S.K.: 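First, the structure itself, so that you have it in front of you.
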Amino acid sequence: MKVITEEAVESIRCYQTEHSSSQFGSPSHNAMSLNTIGNGSCRSSPSIINRKHQRLTNVENRSDGGGIWSFHDNKWHLTFDDGEEVNLLYSKQEVLPLQDFDGEVRPTIDVEQFLEQCVLLLDDEAAQTSTPVDLVDLLLGKMDLPVAVVEEAKTILVTHDIVPSLAKTIQATYSTRDNVNIFDYDESWLCTMGDIPSLAQRRIAIMRLKHPTNMGETCHDVQLFVLILCPGKEKGTKNGLETSRTFATLLADVNLRRQLLEVTNEEEFKELVLKRAKELVIVQQQSRSSVHIKVDSLQSINETSCNKKKVKKFCQFGQGIREDLCRRLPHYLSDYVDGIIGPKTPQKVMSTTFFLYFACLLPAIAFGVLNDHNTNGKIGVRKVIVGQTIGGLFFAFFGGQPLLIMLTTAPLALYIKVISSICDDFELDFYAMYGCVGLWCAFFLLLFSLFNVSRLMCWCTRSTEEIFGLFISIAFCVDAFRDTAKNFQKNYSSPQCRNDNIGDVERNVNSTLTYYLLNQTQNGHHDVIATDEPIECNQATSVLFLLLMLGTVWVGVFIFNFKKTPFLSTGKREALADYALPIAVLTMSFVGSFLFQDVKAEPFRYDDSDSVFTVTPLERLPGLAIAGAMGLGFALSLLILMDQNISSAMVNTPLNNLKKGPAYHWDLFVMAILTAALSAVGLPWMHALVPHSPLHARALADVEERVHQGHVYQIIVRVRETRLTVLFSHILIGLSILLLPYPLAYIPPAVLNGLFLYVAITGLGGNQMFERIMLFFTEQSAYPPNHYIRRVPQRKIHQFTGCQLAQLLLMCLFGFVPWPYMKMVFPVILLSLLPIRHLVVPRLIERRFLKALDSSEH
C-alpha cells in the first residue's frame, strides 16, 4: 500500500475542515454566529499530524483481520497489534442564535449574579502550558466544590477517549454575506458547559491566559476560557446552554475581548463585562426600533387618528356588515368545497361531524331538562332540540364564520328562569313575556350590528378571552358536580336510607325502560320522570351516577390523548382520538343502561303532548310589562354580544392560522334575525359557545408537534374552514327527534354531566392562563422555555396571573351567586373586563411585559 505523506495528511485535514464548514455553516446572513461543538472539538494536539501520519502509514502493515476483538467491562473492544484501540466518538454541531439581551430578562440578571461570585483567574502561569482538560481541573479546584461534585463534573465535562476532550463547547464563527456557506472559527476564546445533577447552584469560572495557547484544531489562539456549571434540574432559561449562550454572546464582541485582555485587575474585568451587558440591552433595543421604525412611527403618528377613526366607524351605518360581506362572500363556495377535497379531509369532516353531534345534542338535552324544570314544562327537551336544529342550520347557511357553534347555554337558561319567575309573580303569560324579551334583544342586536359595536373587540385581548374561557370550563364543572350533589342528596342521603325504612312499592321497577313504561301507562303521555320524593333507599343509584360521570370523563380524555402514546400507527391514533367523545358516550351509556340495568336510574323528562311551536301572544302583555321586557332584553343582548364576539375572537386567533377572515358584524346581524325568529315561536335562544367553537376549529385542524429543549408543544398548520360539519351534525340532531324518548333515554343523565366535564377539560388546551396557574405548583426546572418565561420576570408573570384570577373570581361571584336577579348583572361584569385590562392592569405591570404575556401571536 502506498504510504501517505505528512503533507497529504495536512491537505486532507484542510479539505475536511472546509467541507465541514460548508456543512454546518449558518443559514443566515449574519456576520457572526455561535456554534455548539460536540465531542472532539478541542483535543490536546501537540502531535496531531504525526499521529495521523503514523496511523495512515501503519495501514499497509495490517491485514483485513488484523484487529483483535475482546469483550470486557460490559462492552466490545477492538485493538490492533500496535496497541491502538478503536472508539466511536459522537459529535454534533448546532448553530445558536445570539442572546437577546433586550427581549429576555434572564441574560442581564445572570451576568450581574455570576460576576459577584465567579472564579476569575488573570494571566495564571500554571495554566499557560495546560490542555483544555487541565484547565477544567484547575478551575474546578478553585470553585471549592465537594469532591464528589468535582468528580461528577469531570465525567460530564470531559469525553474519556484515548486523548480526553471537552464534551460541550461554544465558539463563535464568522461568515461573509457573499458566501454564507463557508465560515471561519473565532479561535481566541472558548466556552465549555455542563449540567451537573449533584450541583446545588450555578457556578462560573473565567480564565485569561497570558499568551495565546493552542488547544485543538479550531482553538489555536485561545486567550479567554469560560467554564459554566449548572444543576441538572434547572429552569429552561437557566440551564447550561442558555447561560453559556449569554456569556458567549458577550465574548463574541471583538472590542470587548480586546478590552478584557488589557485590564489589569479583576474588578476592572468584572465592571467591563457588566457594563457591556447593560450597553447591549440599549444597543439591541435601538437596533430593533430602527428595523421597525416605519411601523412604530406609523403607530405613534396615527394612534390618535386611529382612535378617532374607530369612534367614527361606530357611527357609520352598516359599514362593518359591508366589510364582512366583501371579505366572506368570495369564499362562500369554497366553504363547501374545502370540506370535500384535500388530504385527510373526508376523515376529518366525518369525525368532526360526530363530535359536534354528541357535543351539541347532549347539552341540548341537559339544558332542555333544566328549562323544563324551570318553566314547568313550557320549554322542554323537544323544543330545545328543534331550536338547536333550526338555529344551527340557519347559521351554517347564512353565518359569516362557519366554525362557530350555536348552542343554548346555562346563562340563557337562567334568563328563562327569571322570566318564568316574573310571570308567576305578576301573573303574566309566559310565552308573551318570553317572546317580548327576545324581540327586544333582537332589536338591540340589530342596532349593535348596524352601528359596528363589535369593534369593541379591538380592545378584547387574549387575557380577556382566556378568563372567559376558563369561567365557562368552571361553569360546566359546577353544573356537573351540582347535579351529582343533588342526586346523592335525593338517593344516597334520603330519609329512607337514614331510617332504614325501605318500602317495596317500586322494588320491581329496576330498569330505565320499565320505569318509562310504567309512567306512560299511568300518565297517558311520555313523561319519563320519577316522583319528586324518593320512595325507597337507592344508594346504588348515586354510586352508579358518580361512576358513569367520571367514567365518561376518563374514557373520553384517555382516547383524546391516545395520539400521544406509542401504540398503533400515527394515522390510527389520530383517527381514534377524533372519535373520543362519541366512543365515551356510547360506551358509558351501554354500561349504565345494560350492564347495570338492575340499578334504578331516572331518565330525563320528555313530554310530546304539547306542540313544538307556540306563537307569541304579545297582545296579552300590558304596557308596563313591555317596558320591563325592554330592560331584560337589553341585558340579554349584552350577554349575547360578548359571548358571540369572544367566541368568534377565540376561533379567529392567529394561532389557528385561518385564511378567510372574520365576520363579527355580519354574524351579529344573523344572530339578531335568528333570535327574533326563535322568540316568535317560543323556542330557546342560543349564541356562539366556548369551548365548543374553538374545539370545532381544532378538530378540523392539522396539528404538528415541535420540541424545544425537551418540551413538546403543538402548532396548527391549517384548518379546514368548511360549513359541512355544522350542516351534517345538525341534520343528524334534527333526525334525533325521531329517537325520542327511546333510545335517547338510554343515555343516563350522569353521562350528560360527564360530557360537561370532558368539554371543560379538553377546552383548557392552549389556555395560557391555565398554564400560568399551574406554574404556581410547578418545579422551576419544569417551566417550559416559552416566550413569556424568557421575556418576563417570574414575579411579573405571577402578578399578571393574580390579576386574571381576581377578574375570574369576580365573574364567578356574580355567575354562581344563588340569587337569580343578582345574576342579571353578569353581562355588565363581563363587559367590565375590557376597561380593567386597559386601565387598571397597565398600572401594575409594565407594557413591555404585557406585550409578551398578552400577545395572541404565541
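All figures in this text were calculated on a predicted structure; none of them were measured in a lab.
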S.K.: Considering all heavy atoms of both residues, which atom of G368 and which atom of V384 are nearest to each other, and what is their separation?
M.R.: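 Nearest heavy atoms, G368 then V384: CA-CG2, 3.5 Å.
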S.K.: Looking at V543, is its backbone amide N or carbonyl O close enough to the side chain of Y492 to form a donor-acceptor pair, meaning the two atoms are under 3.5 Å apart?
M.R.: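 Not confirmed, Y492 side chain does not pair with V543 backbone.
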S.K.: Measure the CE-CG distance between M686 and D643 for me, rounded to the nearest 0.5 Å.
M.R.: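 So the gap between those two atoms works out to 13.5 Å.
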S.K.: Side-chain contact, heavy-atom cut-off 4.5 Å: M769 with S463?
M.R.: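 Not touching, per the 4.5 Å side-chain cut-off.
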S.K.: Nearest heavy-atom pair of L638 and P827: which atoms, and what distance?
M.R.: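 For L638 versus P827, the nearest heavy atoms are CB-CB, 3.9 Å.
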S.K.: Are side-chain heavy atoms of Y579 and I559 found at a separation under 4.5 Å?
M.R.: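 Side chain of Y579 against side chain of I559, heavy atoms only: no contact under 4.5 Å found.
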S.K.: Rounded at 0.5 Å granularity, tell me how far CG in L370 sits from OG1 in T408.
M.R.: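 Between L370 CG and T408 OG1, I get 9.0 Å after rounding to 0.5 Å.
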S.K.: Backbone N or O of I737 within a donor-acceptor pair of the R382 side chain at under 3.5 Å?
M.R.: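 Such a contact is absent between R382 side chain and I737 backbone.
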S.K.: Using the side chain to side chain contact (heavy atoms under 4.5 Å, CB included) rule, take L632 and M433 through it: C-alpha gap first, then chi angles, then the decisive distance, then the call.
M.R.: CA-CA 10 Å; L632 292 175; M433 189 66 178; 4.1 Å; yes
S.K.: Identify the two heavy atoms, one from A359 and one from L407, that lie closest to each other, and give their separation to 0.1 Å.
M.R.: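 Looks like O-CD2, 4.4 Å.
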S.K.: Step by step, would you call M549 with D483 a side chain to side chain contact (heavy atoms under 4.5 Å, CB included)?
M.R.: CA-CA 10 Å; M549 183 183 72; D483 289 346; over 6 Å; no
S.K.: Tell me if the centroids of the rings in F471 and F826 come within less than 6.0 Å of each other.
M.R.: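 Yes: the rings meet the under 6.0 Å criterion.
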S.K.: To the nearest 0.5 Å, tell me how far L808 CG sits from C803 SG.
M.R.: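 Rounded to the nearest 0.5 Å, the CG-SG separation comes to 13.0 Å.
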S.K.: Under the 3.5 angstrom rule, does the side chain of S593 hit a backbone N or O of F590 as a donor-acceptor pair?
M.R.: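 Side chain of S593 to backbone of F590: no pair is present.
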S.K.: Donor-acceptor pair, H692 side chain versus C360 backbone, under 3.5 Å?
M.R.: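 Between the backbone of C360 and the side chain of H692 there is no qualifying donor-acceptor contact (under 3.5 Å).
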S.K.: Closest approach of S693 and S647, non-hydrogen atoms and distance?
M.R.: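 Taking S693 first and S647 second, the nearest heavy atoms are OG-CB, 4.4 Å.
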S.K.: Check whether any side-chain heavy atom of I390 lies under 4.5 Å from a side-chain heavy atom of V386, and answer yes or no.
M.R.: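 With C-beta onward as the side chain, the pair touches.
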S.K.: Do you know which two heavy atoms are closest between L700 and K348, and how far apart they sit?
M.R.: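 In this case the closest contact between L700 and K348 is CD2-O, 4.1 Å.
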S.K.: Would you indicate whether the side-chain heavy atoms of L805 and F776 approach each other to under 4.5 Å?
M.R.: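 Counting from C-beta outward, F776 and L805 do come under 4.5 Å.
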S.K.: Name all residues meeting the side-chain contact (heavy atoms from CB on, under 4.5 Å) criterion together with T616; count only those two or more places apart in sequence or in a different chain, and write none if there are none.
M.R.: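 Partners of T616 under the side-chain contact (heavy atoms from CB on, under 4.5 Å) test: L618.
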S.K.: Is it true that the side chains of T614 and K383 contain a donor and an acceptor less than 3.5 Å apart?
M.R.: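 Looking only at side-chain atoms, K383 and T614 do form a donor-acceptor pair, the distance falling under 3.5 Å.
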S.K.: For the backbone of I829 and the side chain of S832, can you confirm whether one donor and one acceptor N or O come within less than 3.5 Å of each other?
M.R.: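 Checking the backbone N and O of I829 against the side chain of S832, a donor-acceptor pair under 3.5 Å is found.
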S.K.: So do the side chains of F770 and S473 get within less than 4.5 Å of each other, counting heavy atoms only?
M.R.: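 Contact flag for F770/S473 side chains = no.
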S.K.: Decide yes or no for L755 and V751: does some side-chain heavy atom of the first lie under 4.5 Å from some side-chain heavy atom of the second?
M.R.: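 No, side chains not in contact.
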S.K.: Let me have the donor-acceptor pairs involving side chains of residues 678-685, under 3.5 Å, with sequence neighbours excluded, atom names and distances please.
M.R.:
{"from": "S679", "atom 1": "OG", "to": "T675", "atom 2": "O", "distance (Å)": "2.7"}
{"from": "S679", "atom 1": "OG", "to": "W685", "atom 2": "NE1", "distance (Å)": "2.8"}

S.K.: Between atom OH of Y758 and atom OG1 of T552, what is the distance when rounded to the nearest 0.5 Å?
M.R.: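 OG1 of T552 is found 11.5 Å from OH of Y758.
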S.K.: So which pairs with a foot in residues 537-566 pass ring pair (Phe, Tyr, Trp, His ring centres under 6.0 Å), sequence neighbours left out?
M.R.: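 The answer is W554-F558.
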S.K.: Going through the distances and angles, do M650 and I646 end up as a side chain to side chain contact (heavy atoms under 4.5 Å, CB included)?
M.R.: CA-CA 6 Å; M650 296 181 71; I646 290 178; 4.1 Å; yes
S.K.: For F567, does the CZ atom have more than 12 heavy-atom neighbours from other residues, nucleotides or ligands under 6.0 Å away?
M.R.: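 Check fails, neighbour count at 12 or below.
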S.K.: Would you call P691 and T762 a side-chain contact if the rule is heavy atoms closer than 4.5 Å?
M.R.: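 No - every pair of side-chain heavy atoms lies 4.5 Å or more apart.
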S.K.: Taking N371 for its side chain and F367 for its backbone only, find out whether a donor-acceptor pair lies under 3.5 Å.
M.R.: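 Flag set: sc N371 to bb F367 pair under 3.5 Å.
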S.K.: What residues form a ring pair (Phe, Tyr, Trp, His ring centres under 6.0 Å) with F634, not counting sequence neighbours?
M.R.: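 F634: ring pair (Phe, Tyr, Trp, His ring centres under 6.0 Å) contacts with F444.
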S.K.: How long is the gap from CZ on F756 to CD1 on I761, to the nearest 0.5 Å?
M.R.: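 If we round to the nearest 0.5 Å, F756:CZ and I761:CD1 are 14.0 Å apart.
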S.K.: So, does Q388 use its side chain to make a donor-acceptor pair with the main chain of M406 at under 3.5 Å?
M.R.: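 Between the backbone of M406 and the side chain of Q388 there is a qualifying donor-acceptor contact (under 3.5 Å).
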S.K.: In Å, rounded to the nearest 0.5 Å, how long is the span from CZ of F728 to CE of M350?
M.R.: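 Reported value, rounded in 0.5 Å steps: 9.5 Å.
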S.K.: If you look only at pairs with a residue in residues 801-814, which of them pass as a side-chain hydrogen bond (donor to acceptor under 3.5 Å, both in side chains), with sequence neighbours excluded?
M.R.: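 Qualifying pairs: R772-T801, R772-Q804.
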S.K.: Specify the closest pair of heavy atoms between T725 and T353, including all atoms of both residues, with the distance to one decimal.
M.R.: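 Distance-wise, the nearest heavy atoms are CA-OG1, 3.8 Å.
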S.K.: Within the distance-only criterion (no hydrogens, no angle test), does the side chain of T352 pair as donor or acceptor with the backbone N or O of V349 below 3.5 angstrom?
M.R.: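 No; zero donor-acceptor contacts below 3.5 Å.
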S.K.: Can you tell if the side chain of Y357 reaches within under 4.5 Å of the side chain of S736, non-hydrogen atoms only?
M.R.: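 Sidechains of S736 and Y357: in contact.
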S.K.: Using a 3.5 Å distance criterion without hydrogens, assess whether the side chain of S542 forms a donor-acceptor pair with backbone atoms of N487.
M.R.: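 The answer is yes, because a donor-acceptor pair under 3.5 Å joins these two groups.
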S.K.: For the pair I583 and L576, evaluate side chain to side chain contact (heavy atoms under 4.5 Å, CB included) and give the outcome as yes or no after the intermediate values.
M.R.: CA-CA 9 Å; I583 293 175; L576 188 62; 3.8 Å; yes
S.K.: Test your reading of the model: is there a side-chain donor-acceptor pair from N656 to the backbone of V651, 3.5 Å cut-off?
M.R.: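 Yes; judged by distance alone, with no hydrogens or angles, the pair exists.
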S.K.: Could you pull out all donor-acceptor pairs under 3.5 Å where a side-chain atom in residues 410-430 meets a protein atom, sequence neighbours excluded?
M.R.:
{"from": "S420", "atom 1": "OG", "to": "N374", "atom 2": "O", "distance (Å)": "3.3"}
{"from": "S421", "atom 1": "OG", "to": "K417", "atom 2": "O", "distance (Å)": "3.0"}
{"from": "D429", "atom 1": "OD1", "to": "Y431", "atom 2": "N", "distance (Å)": "3.1"}
{"from": "D429", "atom 1": "OD1", "to": "A432", "atom 2": "N", "distance (Å)": "2.9"}
{"from": "D429", "atom 1": "OD2", "to": "R620", "atom 2": "NH1", "distance (Å)": "2.9"}

